[in-house]
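Inspection log for the structure reproduced underneath, given as structure tokens.
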Amino acid sequence: MTPARHTAKALATAAVLVLTTVLACCGTQRAGDAGPGAGSSGPPSAGPATPYVEPGADDGAPHYRENHAFQSTAELSPADRARGEAAVKKVEAGLAGIAEGRRTTESQLHEALAGLGYSPESISTGTFGPHRTTFIVELGPICVEGALDGLVNGLVTAEAHGRYLEGTGCVKPVGGH
């Protein structure tokens, strides 16, 4: 065998050995690596925190608060918060009768809210799907927002909050920055 052939054969053999070693070690643990459950008796964690998770955000999505800042509402004073909670209780109790057992129309809802003493100009109504009627009552700095659900017998939901900072009053803005 010539020296060139001997060198080529040695290089080919070395390449096969290196490739075999690399492929054989793929996916195995090395000394010092912590394996599943090594040093821990609890369930596996979700992994290390990343700089892209926003603590306190609904689902931890990056930039959640920044992307939803346009939906921020004004802070209510303690007195306005108390007035808002009282209005929520009044609305929930006053609308329970018309929500029970049927689909409520926007005009029925508007009439019922006016019957509770709210001025007709301060009331907005809408629909969401075939069985849900929504409402907003504007009470100065306080917004009372809610819905009646015809599928869930007699379900009335309502909440009080401040006006939206984007300048849309009590109507939730649909897009931001």
How close do [X] and [Y] get, heavy atom to heavy atom, and via which atoms?
{"X": "T134", "Y": "T127", "result": "OG1-N, 4.1 Å"}
{"X": "D80", "Y": "P141", "result": "OD2-CG, 3.4 Å"}
{"X": "A87", "Y": "Y118", "result": "CB-OH, 3.7 Å"}
{"X": "I136", "Y": "C170", "result": "CG2-CB, 3.5 Å"}
{"X": "R132", "Y": "D149", "result": "NH1-OD2, 3.4 Å"}
{"X": "V88", "Y": "A158", "result": "CG1-O, 3.7 Å"}

- Query: Taking only residues two or more places apart in sequence or in another chain, which ones pass side-chain hydrogen bond (donor to acceptor under 3.5 Å, both in side chains) with E106?
  - Reply: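 With neighbours one apart ignored, the set is T125.
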Any chance you could measure [X], atom [atom1], to [Y], atom [atom2], to the nearest 0.5 Å?
{"X": "E159", "Y": "E92", "atom1": "CD", "atom2": "CD", "value": "10.5 Å"}
{"X": "L139", "Y": "R83", "atom1": "CG", "atom2": "CZ", "value": "6.5 Å"}
{"X": "H110", "Y": "T104", "atom1": "NE2", "atom2": "OG1", "value": "14.5 Å"}
{"X": "E138", "Y": "I123", "atom1": "CD", "atom2": "CD1", "value": "11.0 Å"}

- Task: Check whether any side-chain heavy atom of L113 lies under 4.5 Å from a side-chain heavy atom of L95, and answer yes or no.
- Result: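 Contact flag for L113/L95 side chains = yes.
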- Query: Where the side chain of R81 meets the backbone of E75, is there a donor-acceptor pair that is under 3.5 Å apart?
  - Reply: no
- Task: Taking T133 for its side chain and L148 for its backbone only, find out whether a donor-acceptor pair lies under 3.5 Å.
- Result: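 Answer holds: no.
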- Message: Hydrophobic cluster membership, with links at side-chain heavy-atom distances under 4.5 Å among I/L/V/M/F/W/Y: are L76 and V171 in one?
- Response: no
- Item | disulfide bond (SG atoms under 2.5 Å apart) contacts in which one or both residues fall within residues 106-140, not counting sequence neighbours | none
